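Report on the following structure.
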Amino acid sequence: MAERGWRVRLGAAAEVDFANVLKWTTENFGARQSRVYRDTLVQAIGELADGPDVVGSKARDEIMAGLRTLQVARRGRRGSHFLMYRAAPNSTIEIVRILHDKMDLRRHVPSAPDERTE
């Protein structure tokens, strides 16, 4: 197996999305299902440590240059959300949003990538 050389981080909007997805799941399907879905999201996020071109990812340059999406339904797990992400400097993957697959992705993508320095 290749060494996982990419660092993955959630941008501010993606952090809010993550919390909101789990809150909605808890309210509508219960705490147990929320934990299961959290694990599904974390697994999909973890796969990005292999780099931006993971199997099943899709370039979305028509929305924003360098933007990619990855469906969280992976490896037998069910899910209805996309990770929207981009490769950032220093071998970092920045997840900019976590959106339901029925949402208009163009409407919810940030107008400019988060360029915070660390």
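As the structure is a prediction and not an experimental result, all values here were calculated from the model. Atom set for the values below is all heavy atoms of this structure, side chains included, hydrogens, waters and symmetry mates excluded.
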Query raised in the report: Yes or no on side-chain contact (heavy atoms from CB on, under 4.5 Å) for Arg7 and Ile93, after CA distance, side-chain angles and deciding distance?
Result: CA-CA 6 Å; Arg7 184 175 76 104; Ile93 302 285; over 6 Å; no
Under 3.5 Å: donor-acceptor pair, side chain of [X], backbone of [Y]:
X	Y	answer
Thr26	Leu22	yes
Asp17	Arg97	no
Tyr85	Pro52	yes

Report task. Could you tell me which residues satisfy side chain to side chain contact (heavy atoms under 4.5 Å, CB included) with Ala19, sequence neighbours excluded, listed by chain and number? Result ->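 For Ala19 there are no side chain to side chain contact (heavy atoms under 4.5 Å, CB included) partners, ignoring immediate neighbours.
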Query raised in the report: Looking at residues at least two apart in the chain, or sitting in another chain, which of them share a side chain to side chain contact (heavy atoms under 4.5 Å, CB included) with Glu15?
Result: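 With sequence neighbours excluded, Glu15 shows a side chain to side chain contact (heavy atoms under 4.5 Å, CB included) to Leu10, given in chain and number order.
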Requested in this report: Mind listing the closest non-hydrogen atom pair of Leu70 and Ser57 along with its distance?
Outcome: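 Shortest heavy-atom contact: CD1-N, 3.8 Å.
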Contacts of [X] that satisfy side chain to side chain donor-acceptor pair (under 3.5 Å) - sequence neighbours left out:
X	answer
Gln71	none
Thr25	none
Ser80	none

Requested in this report: Is it possible for you to say whether Val42 and Leu48 belong to one hydrophobic cluster, with membership spreading through side-chain heavy-atom contacts below 4.5 Å?
Outcome: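 Per the 4.5 Å side-chain linkage, Val42 and Leu48 are co-clustered.
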Flag side-chain contact, heavy atom, 4.5 Å: [X] against [Y]:
X	Y	answer
Val96	Glu94	yes
Phe82	Lys58	no
Arg9	Ile95	no

Requested in this report: Give a yes or no on whether Asn90 atom CG has more than 12 heavy-atom contacts from other residues, nucleotides or ligands under 6.0 Å away.
Outcome: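 Count not over threshold, so no.
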Query - Worked verdict on Thr69 versus Leu83 for side-chain contact (heavy atoms from CB on, under 4.5 Å) - result: CA-CA 5 Å; Thr69 58; Leu83 303 178; over 6 Å; no
Query raised in the report: side-chain contact (heavy atoms from CB on, under 4.5 Å) between Thr92 and Trp6: does it pass, once the steps are laid out?
Result: CA-CA 5 Å; Thr92 299; Trp6 289 80; 5.7 Å; no
Query raised in the report: Tell me the ring pair (Phe, Tyr, Trp, His ring centres under 6.0 Å) pairs involving residues 33-60, sequence neighbours left out?
Result: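 Listed by first then second residue: Tyr37-His81.
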Requested in this report: Just grab all the salt bridge (Lys or Arg N to Asp or Glu O under 4.0 Å) pairs involving residues 26-35, residues at least two apart or on different chains.
Outcome: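 Every salt bridge (Lys or Arg N to Asp or Glu O under 4.0 Å) pair that includes a residue of residues 26-35, provided the two are not neighbours, is Lys23-Glu27.
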Report task. Identify, with sequence neighbours excluded, every residue that meets salt bridge (Lys or Arg N to Asp or Glu O under 4.0 Å) alongside Asp53. Result ->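 Result, salt bridge (Lys or Arg N to Asp or Glu O under 4.0 Å) vs Asp53: Arg68.
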